[in-house]
Amino acid sequence: MSRYAAAEIEAKWQEAWDKANVFRAERSADKPKYYVLEMFPYPSGRIHMGHVRNYTMGDVIARHRLATGHNVLHPMGWDAFGMPAENAAMAIGGHPKEWTYGNIADMRAQMKPLGLSIDWTREFATCDPEYYGQQQALFLDFLEKGLVYRKNAVVNWDPVDMTVLANEQVIDGKGWRSGADVEKRELTQWFFKISDFSEELLEALDGLDNWPAKVRLMQENWIGKSRGIEIPFQRKDGGDPIVCYSTRPDTMRGASFIAISPEHPVSRALAEDNAELATFIAETRKMDTTEAAMEKAEKKGIETGITVQHPVYPDQTLPVWVGNFVLMDYGTGAVFGCPAHDQRDLDFARKYDLPVRNAFYMPGQEIEVENEALVPAKTEPVVFIDHFAGIKDVTSQDAIDNTIDYFEEHNLGKGQVKYRLRDWGLSRQRYWGCPIPVVHCDACGVVPEAKENLPVVLPDDVTFDVPGNPLDRHPTWRDCTCPKCGAAAKRETDTMDTFVDSSWYFARFTSPDAATPTNAEDAAYWMNVDQYIGGIEHAILHLLYSRFFARAMHICGHLPESAKEPFDALFTQGMVTHEIYQTRDANGRPVYHLPEDITDGKLADGTEVEIIPSAKMSKSKKNVVDPVSIISAYGADTARWFVLSDSPPERDVEWTASGAEAAFKHLSRVHRICAEIATSSDAASPEADEQLLREMHKAIHDVTGGVESFGFNAAIAKLYGFTNTLAKSKAGAAAKQQAAKTLAQLMSPMTPHLSEELWQTLGGEGMVIHAPWPVADEAMLKDDTVTLPIQINGKRRAEISVSPDMPKDEVEKLAMTQDAVIKALDGAQPKKVIVVPGRIVNVVI
RNA sequence: GCGGGCGUGAUGGAAUGGUAGACAUAUCGGACUUAAAAUCCGAAGGCCUUAGUGCCGUGUGGGUUCGAGUCCCACCGCCCGCACCA
């Protein structure tokens, strides 16, 4: 009997699929379409287990849909622009373009052996001029519709390398290469007007029923709609009032200071003749621009000397401070501080000895705030002290509403709805990205490039021996003529954020060769993406940007109205993790070791290694397993089977050598069992046949359910069980062959090559990929008897075996005859008996 | 810091509010073998001088419920995101 020769089987069936052109997606009216998409990879050069897991999941869905009669679109491409290519060029020389296309070729070669059901004819990379040229066309359309504009924004500036740094390149406030203190610099940059869509993007979340609730919630919080109020505070020195924005005007009575942003016009004006303040503002500008860093940084302030009047209690005077924690981007760049009811304000007040005044307290306990701010939930009732709007015992939410009304009635302020969502800055001062297609003309100003001049192609003759954007120093690339007046002009040298590239690639896959960004018929037919799969790390930005882009593309006529929400269903999968093996060098610094160098917790020379629990696979920790070596050792089906087993897809899965070995052994076993069954001539056995077929229908039911609901691990557990049943069954050859063919089919989304081989061995007709998905017979799913546990006061004490249809009162009667029940009751009547048919009986005493 | 998530045997994990630990790994025992590998069969959450229809047990502490791994509150730990990483 032949062994399970994965390499041979896999090559053979991949060729057969190619020949039959099974994965080619063409529009068709006779079948329902199904578009399944996994987030496309960045071409780093090597595929990793995370890719294998992600693409295998998508492949299971795609192959299952194929088997259920759908016209499936399952494309693949490359998110190919970005910093790593430039970093590689700087570190090892070469050109980002060569590096990137070389990596794509390598990764494609590593991916193909997985046997994914991908229509490779639709493949593209975002760095192809054919793709980014259409992206430039989109940009021009957006510009025309007022969806893009220019404004000033700050960037991280490395004063030594004379270059703009990404947040990732700023480490503890210093440039990652130069180590110099990073400064902030203001540049004129392009922005997408995503904030115009705040309300729409928020409201439409409700309709995304097939998105994880957590992602919708994260997006809701990110958009951050708040109802608040703008309150002008009159300056005692007669200057323009300082307008504060607050979402908690119910705390007004406790206001004891005003804090304004260092970038606030008042701060800037004062700094001109206040050296101390100027220094403070300069210091603040050195802070990381990330929100996380701002929030974690020590809250500092400096008093301006300006005072304002409390709008409701005119005898109260509040000092105005400049605070490093106030963001100019949000609200009005000024807030009032209420230390009693806000922890940050309280810490600030304690630090600078500012007064702490309660606005309210909890009913029944009049607490003075000490070191912990009193912040009740908005729905909790509180007692207001001396409140101007005449409210006493109400919830904070009611108090907020009343206060806003009161302020509006008395002309003291204006209710305002605000969103946290900011416009999307897309300008990047880098070479390896999509050029922004505009020119700067001395006479006409900023002029969009003419569409017939697209694509604006990146020049190849650039060098990376010095930092900064090579486009800036290119001798001729910038030179162009103004599309408006024909005079000599200069190209924009900024390129687009790589998030732009990934915000519409899903639409481009519907017609990758179209001469416009999309083809209307193809987009109408294939959109939306029926199932999108990717990492939870993209829960906010990528998905929100894509939702915005779909709307903007609709406005410009590139997508139908129905594609405004481009992803019908979203699934966020977990990572592949691995243990970390570590030893220490002479200086006590950690040294990491590759898993393949470890045997029984030891290195080849016998040195014991420290085992650190599972963590995300990363090159620096060396806890990586190369899919290529796994595939050559065991085959793609084993790798696919393993990444789907054990862990639920949304959670992390730990790669273990023993697990991979076990997956291989199992597939070998299935191969062997099926080969035996194929040649078996056992006579039929009515009882055993019936039993096997019942189990087969249960397996069809459970595996189908698992595949359709992302319960791949559960589906695989069921397949293990069914394989055992089949192996032990005393059924006749015919029943066994039927069961084995079904097993091959049920496994085919996960182990497509092996399934084809088994199907052929068992005499199945054609290829399993063309066989319709089996359907479970409902009548075969019911058991004759069920075991009901009997609980007494919630603790299991006995069990009875009954027909699933036995009426409730009969089940109760039978339960009462059980020894354990009689003993526990001791002649008394039970307080209550709960019978859940088919589930449980609980006797309450 | 803020927003979101997760926490179950030695390990990965299963479990529409209804028998906690399915399935798998590692481990141990047995069969087969001259031997090993492979294969097959089986044991197994913890506790106990009472081995039971016993007690305890799903990060910690409370709560709701006839019944909680599951729902609610608080805390602890870990993970993801925080707008120029992709």
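Quick note on labels: first sequence line is chain A, next is B, and so on, each numbered from 1.
Between the CZ atom of A/F499 and the P atom of B/rA86 there is a distance of 7 Å, rounded to whole Å. As rounded to whole Å, 12 Å separates atom C1' of B/rC85 from atom CD1 of A/I171. Rounded to a whole Å, the CZ atom of A/R46 is 19 Å from the C1' atom of B/rA86. When rounded to the nearest whole Å, the span between CG of A/N87 and C1' of B/rA86 equals 12 Å. Remark: P of B/rA83 and CG of A/N221 are 16 Å apart, rounded to the nearest angstrom. Counting to the nearest Å, the C1' atom of B/rA86 and the NE2 atom of A/H48 are 10 Å from each other. A/E650 has its CD atom 19 Å from the P atom of B/rC79, to the nearest Å. Atom-to-atom, CD1 of A/I540 to P of B/rA86 comes out at 17 Å; the value is rounded to the nearest Å.
B/rA38 and B/rC6: their P atoms are spaced 39 Å apart (whole Å). Nucleotides B/rG13 and B/rG59 are separated by 13 Å at their P atoms, to the nearest Å. One P atom belongs to B/rG3, the other to B/rG12, and the distance between them is 30 Å to the nearest Å. Between the C1' atoms of B/rG57 and B/rC47, the separation comes to 10 Å (whole Å). The gap from the C1' atom of B/rA43 to that of B/rA10 amounts to 16 Å, rounded to the nearest Å. Between B/rC76 and B/rG29, the distance separating the two C1' atoms is 41 Å to the nearest Å. Across the C1' atoms, B/rC72 and B/rG17 are found 13 Å apart, a figure rounded to whole Å. Taking atom P in both B/rA68 and B/rG18, one finds a spacing of 11 Å when rounded to whole Å.
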Walk along nucleotides 20-29 of chain B from 5' to 3' and tag each nucleotide B, S or - by protein heavy-atom contact under 4.0 Å, base first, then sugar-phosphate.
--BSSS----

Carefully, step by step, assess A/F81 and A/Y132 under the rule ring pair (Phe, Tyr, Trp, His ring centres under 6.0 Å).
CA-CA 10 Å; A/F81 276 134; A/Y132 71 70; 5.5 Å; yes

Evaluate the criterion side-chain hydrogen bond (donor to acceptor under 3.5 Å, both in side chains) for residue pair A/S546 and A/Y532; output intermediate values, then yes/no.
CA-CA 12 Å; A/S546 297; A/Y532 197 33; 5.7 Å; no

So A/F192 and A/F549, ring pair (Phe, Tyr, Trp, His ring centres under 6.0 Å) or not? Walk me through it.
CA-CA 9 Å; A/F192 287 121; A/F549 243 72; 5.5 Å; yes

With ring pair (Phe, Tyr, Trp, His ring centres under 6.0 Å) as the criterion, how do A/F642 and A/Y634 come out once you've worked through the C-alpha distance, each side chain's angles and the decisive distance to 0.1 Å?
CA-CA 11 Å; A/F642 181 80; A/Y634 300 114; 9.7 Å; no

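Nucleic acid contact for A/K728: sugar-phosphate only, since backbone atoms but no base atoms lie under 4.0 Å from a heavy atom of the residue. In this structure, A/P41 reaches neither bases nor backbone, as no heavy-atom distance under 4.0 Å exists between it and the strands shown. Among the atoms of the strands shown, none is found under 4.0 Å from any heavy atom of A/L544. Within the nucleic acid shown, A/R669 comes within 4.0 Å of sugar-phosphate atoms alone, with no base atom in reach, counting heavy atoms only. Contacts of A/H538 with the nucleic acid, taken as non-hydrogen atoms under 4.0 Å apart, include base atoms. Note on A/R420: a base of the nucleic acid sits closer than 4.0 angstrom, heavy atoms only. Within 4.0 Å (heavy atoms only), A/S427 reaches at least one base atom of the nucleic acid. The residue A/Q189 sits close to a base: some heavy atom pair falls under 4.0 Å. Counting any heavy atom pair closer than 4.0 Å across all strands shown, A/S502 reaches no nucleic acid atom. Across all strands, A/K831 comes closer than 4.0 Å to no nucleic acid atom at all (heavy-atom distances). In this structure, A/Q169 reaches neither bases nor backbone, as no heavy-atom distance under 4.0 Å exists between it and the strands shown. Among the heavy atoms of the strands lying under 4.0 Å from A/V155 is at least one base atom, whether or not backbone atoms are also near.
Residue A/P789 is the one, among A/P789 and A/A820, whose nearest nucleotide of RNA chain B lies closer to the 5' end (criterion: closest heavy atom). Both A/P43 and A/A292 sit near RNA chain B, but only A/A292 has its closest nucleotide nearer the 5' end.
Comparing B/rC84, B/rU19, B/rG1 against the side chain of A/I840 picks out B/rU19 as the nearest. Distances were taken from every side-chain heavy atom of A/V836 (C-beta onward) to each of B/rC82, B/rG18, B/rG3; the shortest belongs to B/rG18. Each of B/rA86, B/rC56, B/rG3 was ranked by its minimum atom distance to the side chain of A/Y42; first place goes to B/rA86. The side chain of A/M83 sits closest to B/rA86 out of B/rG1, B/rA86, B/rC84. Across B/rC82, B/rG4, B/rG42, the shortest atom-to-atom separation from the side chain of A/L217 is found for B/rG4. Listed candidates were B/rU19, B/rC84, B/rC66. Nearest to the side chain of A/V844 is B/rC66.
When all heavy atoms are compared, the tightest approach of A/A153 to A/F191 is CB-CZ, 3.5 Å. Closest approach of A/R53 and A/P648 over heavy atoms only: NH2-O, 3.2 Å.
Using the six-membered ring where Trp is involved, A/H666 and A/Y720 have ring planes that are tilted, between 30° and 60° apart. Relative ring orientation between A/H538 and A/H542 is described as perpendicular, the plane-to-plane angle rising above 60° on a 0-90° scale split at 30° and 60°. Classification of the A/W424-A/Y545 ring pair by plane angle, with boundaries at 30° and 60°, yields parallel.
When atom types are taken as modelled, the side chain of A/D501 and the backbone of A/G433 share no donor-acceptor pair closer than 3.5 angstrom. Within the 3.5 Å criterion, the main-chain N or O of A/I194 finds a donor-acceptor partner in the side chain of A/D423. Looking only at distances, a side-chain donor or acceptor of A/E86 sits under 3.5 Å from a matching main-chain atom of A/Y431.
Taking side-chain N and O atoms only, A/K214 has no distance below 4.0 Å to OP1 or OP2 of B/rC79. For the pair A/K832 and B/rC66, the criterion of a side-chain N or O lying under 4.0 Å from OP1 or OP2 is met.
Syn is the glycosidic conformation of B/rG9, whose angle stays within 90° of 0.
Remark: the A/N842 side chain and the B/rC66 base include a donor-acceptor N/O pair separated by less than 3.5 Å. Put simply, the side chain of A/R797 and the base of B/rU19 share no donor and acceptor less than 3.5 Å apart. With hydrogens and angles left out, the side chain of A/E537 and the base of B/rC82 share no donor-acceptor pair within 3.5 Å.
We find that A/E291 and A/R420 are joined by a salt bridge, their nearest charged nitrogen and carboxylate oxygen being less than 4.0 Å apart.
When base pairs are accepted only as Watson-Crick or G-U wobble with both N-N or N-O distances under 3.5 Å, RNA chain B takes part in stems of 3 or more pairs at B:1-7 with B:76-82, B:10-12 with B:23-25, B:27-31 with B:39-43, B:45-47 with B:54-56, B:59-63 with B:71-75.
Between the OG1 atom in A/T638 and the OH atom in A/Y4 there is a gap of 4.5 Å [rounded to 0.5 Å].
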